[in-house]
Asker: 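Take this structure first; my questions come after.
In what follows, chains are A, B, ... by sequence order, proteins preceding strands, each numbered from 1.
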Amino acid sequence: MTATDPADADNPPSGLPSVYSPASVETKLYERWVDRGYFTADATSDKPPFTIVLPPPNVTGQLHMGHAPQHTLMDAVTRRRRMQGYETLWLPGMDHAGIATQNVVERELGKEGISRDDLGREGFVERVWQWKAEYGGRILGQMRRLGDGVDWSRERFTMDAGSSRAVGTMFKRLYDDGLIYRAERIINWCPRDRTALSDIEVDHSDDEGELISISYGPITVATTRVETMLGDTAVAVHPDDPRYAHLVGTEIELPLTGRRIPIIADEHVDPAFGTGAVKVTPAHDPNDFEIGQRHGLPAITVLDERGVITTHGPFKGLDRFEARPAITAALRELGLVVAEKRPYIHSVGHCSRCDTVIEPRLSLQWFVKVESLAKAAGDAVRDGRVTIHPPEMARNYFEWVDNMHDWCISRQLWWGHRIPVWYGPEGEVVAVGPDDEPPSGDGWRQDDDVLDTWFSSALWPFSTLGWPAETADLEKFYPTSVLLTGYDIIFFWVARMMMFGLYAMADRGPEGSMPFRTVALTGLVRDDRGRKMSKSAGNGIDPLEWIDTYGADAARFTLARSASPGSDIPVSEELAQGGRNLITKLWNATRFAILNGATVEGPLPDLQTLPATERWILSRLTRTAADIDGYFEDFQFAKACDALFHFTWDELCDWYLELAKLPLERGGVEATATRRVLGHVLDVLLRLWHPVIPFVTEELWTTLTGGETVVLAPWPTGLVTGGAAALVDVATVDGPAESLITQLQAVVTEVRRFRAEQGLRPAQRVPARIDGLANGALGPFEDQIRSLARLQIPTDDFQETAAVVVGHSGRAVRVALDLSGTIDIGKERARLTKAFGVAVNEVALAEAKLADEAFIAKAPAQVVDKIRVRLGDAVAEVERLRGQLDALPPETLPPDQSQQ
RNA sequence: GGGCGCGUAGCUCAGUGGGAGAGCACUGCCUUCACACGGCAGGGGUCGCAGGUUCGAAACCUGCCGCGCCCACCA
């Protein structure tokens with residue numbers, strides 16, 4: 001059916017097929033935009049800058065449903081600013097993603113049967129670069145398909161020369177300021193990736209384990225990690241615990257090892273937990289490490305970097321998870337296991353990259369001393385220099401920033417920025433800046449570790465603009481305007497950019513140093529049942545499939561219309577279809593306009609000369625544009641999309657286009673005015689839509705207006721430059737026209753409802769006489785009302801069999817219908833009776849309210865007035881319905897039904 | 001353990017003191033000349049529960065129940 005070939009019928013006049021096929025225009029348009037340099041920023045421009053930071057996707061990454069909404073929203077924000085006349089910069093790039101990328105390449109090597117050790121450090125890193133050249137950055141191509149208007153001439157990578165230089169500079173500065181230090185600490189260690197991790201790279205989950213109570217002679221301890229007992233160097237009890245007071249200061253023998261360890265008293269112990277006695281393993285537990293520090297205990301490491309036991313003959317060489325049952329068994333044999341609780345559910349840390357259980361491990365690492373940096377990062381939000389949207393998310397930010405631990409930045413990886421520190425033969429430690437010569441000579445060697453990926457990410461807002469050099473870009477585009485990202489990386493990225501930005505740019509003063517002025521947090525993508533998207537749950541939806549099936553615009557609109565600040569975004573196939581339908585609707589509306597000669601040429605006719613229908617749509621357009629502009633300003637994308645959707649579908653298509661058909665058909669002066677108004681409305685509407693659905697609006701706008709591009713067309717409101725303020729003029733706001741058309745709609749809707757209730761076919765024309773129009777302002781629209789409600793001019797033998805009355809008192813419109821032969825009197829009587837009952841009830845309610853003295857005494861006058869008006873309406877309604885009931889012809893039933 | 005948030009139509013969600021809304025889904029009629037990816041009309045909700053404030057509560061307060069997320073060094 002739909003295989004009608006519209007190209008034949010419609011192509012000649014409109015140039016647009018009746019069904020939009022995104023695939024045929026999207027790629028072409030994107031290339032055109034890039035070629036014409038629309039997205040290329042000019043640092044020498046006089047326009048005010050608008051800069052938005054693209055969270056650099058992992059070089060290994062693919063565009064997934066998590067990115068799609070954020071990219072859409074960033075693009076929409078940027079496009080609107082561009083149309084408003086800002087010099088916009090949206091700078092693309094990728095993150096080298098240390099562990100993730102190293103893992104991918106190692107897996108590749110694994111397929112060839114070799115390990116990274118076979119290649120050596122240099123060979124391996126070389127291999128990663130090769131991999132990047134060949135497979136990396138697929139996501140960049142996917143961004144083009146989404147329509148991201150980024151400045152490709154400024155594309156960056158966190159490991160490129162400029163970024164590396166920024167990293168080196170930053171490290172050196174922090175080091176010289178005493179904000180980077182090296183220390184032996186308990187850190188999170190991933191035995192599979194064999195590297196240290198920062199606290200936030202550890203995900204905690206409640207896992208099944210076991211709680212084993214072991215007798216250490218006179219005292220019993222409980223543990224979930226039996227294997228670490230080999231490294232115990234004390235047993236701790238609470239200082240006030242009377243049960244153990246006599247044992248504090250004595251020594252016991254540690255089972256299986258023969259070592260003697262002290263019993264000590266420490267405030268950290270909770271006497272109410274377990275036996276109230278804790279085994280202390282300073283090398284393998286962060287709390288125990290601190291207890292050890294306080295009491296001068298030795299730290300004995302019993303696990304190596306792969307999580308394998310390194311001591312104690314029978315257990316040496318066992319993996320930690322093999323050692324656990326082995327040691328439990330050995331203790332049980334000695335009769336020392338006094339209680340076992342399993343399953344025991346407790347919180348266990350996992351590597352956020354590979355899910356391996358984290359092993360707290362004592363090791364020598366580099367740290368950023370965060371105290372002063374975090375304080376500054378918190379203050380910048382507290383004193384309003386940086387705004388967080390939505391505001392309640394700021395609490396999360398503060399909670400983290402105010403309680404931050406020092407940041408472990410060294411990683412035992414090969415892929416990343418190598419720590420610029422050299423160690424000399426005499427134990428010298430020298431941090432080397434990017435412009436300095438590293439020390440040479442015998443015995444000097446560079447640190448083997450690399451920096452946490454997030455170290456370079458934290459510099460992204462200014463390293464991409466040329467820092468540490470004082471470039472024109474940095475001057476023009478820093479601080480950036482908006483950071484739009486998911487709330488899941490507030491800690492990983494947002495807070496760290498704040499810390500580093502404020503520090504590195506401190507010479508610009510408090511108002512110029514922050515990395516961005518506004519942080520707009522988006523939700524995460526969920527499926528239509530609120531579940532997180534994941535491949536394993538089988539509910540992953542691929543945004544590229546949506547683009548293939550429905551087009552980029554449909555995908556973008558679908559995502560944007562669900563995006564409320566900070567709220568999660570549900571996605572489903574049905575929603576995407578709704579998006580596709582909207583695009584088609586807009587397409588056809590514009591196509592209709594073009595087919596009917598809509599034009600943007602010449603000035604708009606004087607408002608006074610226009611019929612109320614035209615003044616109404618212009619008034620609605622102006623209000624809608626203002627609403628939308630405000631919603632964009634507040635990152636209320638869902639509301640902006642809703643307003644656009646509602647105006648496009650319910651007002652423009654359902655009413656204005658239908659109303660316009662008559663004057664367009666008639667031609668002449670009327671048609672000329674309507675064509676101009678129609679062209680204007682679509683011109684403005686397509687501009688308003690463009691930030692969200694760039695492709696289809698470009699195709700339609702250029703066809704409609706003959707303009708070069710909508711990308712650079714002035715935004716209808718909130719302009720900072722350009723002379724297009726007249727696009728939406730406050731003067732077009734027209735209350736009387738709006739209420740008049742509302743009345744017109746009510747008349748048409750009432751007649752339609754009546755017709756539907758009578759079971760009339762939509763196309764069937766019914767003779768009708770319309771009273772009450774002539775003395776009202778609706779008079780000129782009788783023909784349109786007849787057209788919309790399918791009412792004919794009364795014939796000579798007109799015979800009123802039913803009437804529809806809309807409104808009351810002198811302003812009522814009465815439509816008398818001749819339904820002889822078709823009307824179902826019974827149905828109509830039932831309908832009127834029901835409505836009559838409702839109206840009577842209304843009257844009773846309102847009267848009761850007005851009789852309530854307590855209410856009258858306290859309610860505001862306007863509320864009382866409102867109720868009086870309501871009472872008047874209800875009384876009129878009762879009268880009206882009574883009249884209609886009385887006017888109803890007597891019911892005549894077919895003979896065969898008269899018995900029922 | 002701490003923090004944040006949520007519970008409104010079958011589903012996903014708007015709605016921050018004055019007559020319960022949207023999209024999708026559902027029902028009926030319709031290939032009406034922009035659009036069947038459409039049109040018209042319609043059904044459907046004790047706004048989680050219980051108290052309180054108020055003339056008036058989906059909204060404000062308290063408690064309870066249920067759910068989600070984040071943070072946390074409970075052995």
Side-chain angles (χ1 to χ4, degrees), chain A residues 1-2 6 9-10 14 16 18-20 186 199-200 204 211 221-225 236 268-270 272-275 277-281 285-290 346-347 360 392-393 395-396 398-400 403 405 487-488 490-491 524 526-530 532 550 554 561-562 564 566-572 574-575 577-596 638-639 642 645-646 653-654 657-658 661 749 752-757 759-765 790 842 845-846 849 852-860 862-864 866-867 870:
Chain A
M1 273 304 293
T2 42
D10 299 324
S14 74
L16 300 170
S18 79
V19 173
Y20 173 55
I186 292 273
D199 291 345
I200 48 175
H204 292 269
L211 184 66
V221 298
T223 181
T224 54
R225 290 158 69 218
H268 171 262
V269 179
D270 175 5
F273 186 93
T275 60
V278 187
K279 61 189 274 304
V280 180
T281 322
D285 184 279
N287 291 317
D288 294 4
F289 179 76
E290 283 178 24
H346 65 136
S347 178
E392 60 267 24
M393 286 283 180
R395 286 170 170 272
N396 260 339
F398 290 136
E399 200 195 324
W400 195 70
N403 300 296
H405 297 304
Y487 61 71
D488 56 331
I490 296 177
F491 310 133
L524 307 180
R526 309 273 167 173
D527 70 9
D528 56 0
R529 284 157 61 185
K532 229 173 178 171
Y550 304 116
R561 80 183 304 192
S562 293
S564 292
S567 299
D568 288 341
I569 301 167
V571 298
S572 71
E574 286 75 21
L575 290 173
Q577 283 167 11
R580 184 265 325 265
N581 295 352
L582 177 273
I583 303 297
T584 307
K585 192 72 176 176
L586 184 62
W587 178 267
N588 275 297
T590 310
R591 196 169 137 258
F592 170 85
I594 294 171
L595 282 166
N596 284 284
K639 286 184 177 168
D642 253 16
F645 183 92
H646 178 253
C653 292
D654 286 352
L657 294 190
E658 295 303 324
K661 282 176 182 174
T749 300
R752 283 171 170 171
R753 179 188 302 152
F754 178 79
R755 294 173 50 112
E757 276 164 1
L760 295 181
R761 295 176 174 276
Q764 182 169 357
R765 297 198 169 262
R790 306 274 157 193
E842 271 291 311
L845 278 175
K849 200 83 180 172
D852 182 347
E853 285 171 20
F855 168 74
I856 298 297
K858 300 209 178 182
Q862 67 188 81
V863 172
V864 177
K866 240 175 155 178
I867 290 171
R870 201 182 301 162

Asker: What contact category does A/H268 fall into here, base, sugar-phosphate, or nothing, at under 4.0 angstrom with non-hydrogen atoms?
Answerer: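 Touches a base.
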Asker: So A/D488, base contact, sugar-phosphate only, or nothing? Heavy-atom distance under 4.0 Å.
Answerer: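 Nothing, no nucleic acid heavy atom in range.
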Asker: With a 4.0 Å cut-off on heavy atoms, is A/E842 in touch with a base, just the backbone sugar-phosphate, or nothing at all?
Answerer: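 Base: the residue A/E842, judged by heavy atoms under 4.0 Å, touches a nucleobase.
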Asker: Who passes salt bridge (Lys or Arg N to Asp or Glu O under 4.0 Å) against A/R395, sequence neighbours left out?
Answerer: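 A/R395: no salt bridge (Lys or Arg N to Asp or Glu O under 4.0 Å) contacts found.
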Asker: So which nucleotide from B/C35, B/C40, B/A34 ends up closest to the side chain of A/A589?
Answerer: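 The nucleotide sitting nearest to the side chain is B/A34.
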Asker: I'd like a list of close polar pairs between nucleotides 26-30 of chain B and the protein, N/O only, cut-off under 3.5 Å.
Answerer:
{"from": "B/C30", "atom 1": "OP1", "to": "A/R761", "atom 2": "NH1", "distance (Å)": "3.1"}

Asker: Give one of base, sugar-phosphate or nothing for A/S562, where a contact means two heavy atoms less than 4.0 Å apart.
Answerer: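 No contact at all - A/S562 keeps every heavy atom at 4.0 Å or more from the nucleic acid.
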Asker: Using a heavy-atom cut-off of 4.0 Å across all strands, would you classify A/F491 as base, sugar-phosphate, or nothing?
Answerer: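 Counting heavy atoms under 4.0 Å across all strands, the contact made by A/F491 is with sugar-phosphate only.
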Asker: Remember a base hit wins even if backbone is also touched, and classify A/L657 as base, sugar-phosphate or nothing at under 4.0 Å, heavy atoms.
Answerer: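 It contacts base atoms.
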Asker: Are any protein N/O atoms closer than 3.5 Å to N/O atoms in nucleotides 55-59 of chain B? If there are, list each pair with its distance.
Answerer:
{"from": "B/C55", "atom 1": "OP1", "to": "A/K858", "atom 2": "NZ", "distance (Å)": "2.3"}

Asker: Do A/N596 and A/K661 have side chains that approach each other closer than 4.5 Å (heavy atoms only, starting at C-beta)?
Answerer: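 No. Closest side-chain heavy atoms not under 4.5 Å.
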Asker: Just name whichever nucleotide pairs with B/G10, Watson-Crick or G-U, keeping both distances under 3.5 Å, else none.
Answerer: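 Paired with B/G10, as far as the under-3.5 Å criterion goes, is B/C24.
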Asker: Contact class for A/R580 (heavy atom, under 4.0 Å): base, sugar-phosphate, or nothing?
Answerer: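 The residue A/R580 makes base contact.
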Asker: Heavy atoms only, 4.0 Å cut-off, all strands: where does A/R225 land among base, sugar-phosphate and nothing?
Answerer: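 Touches nothing.
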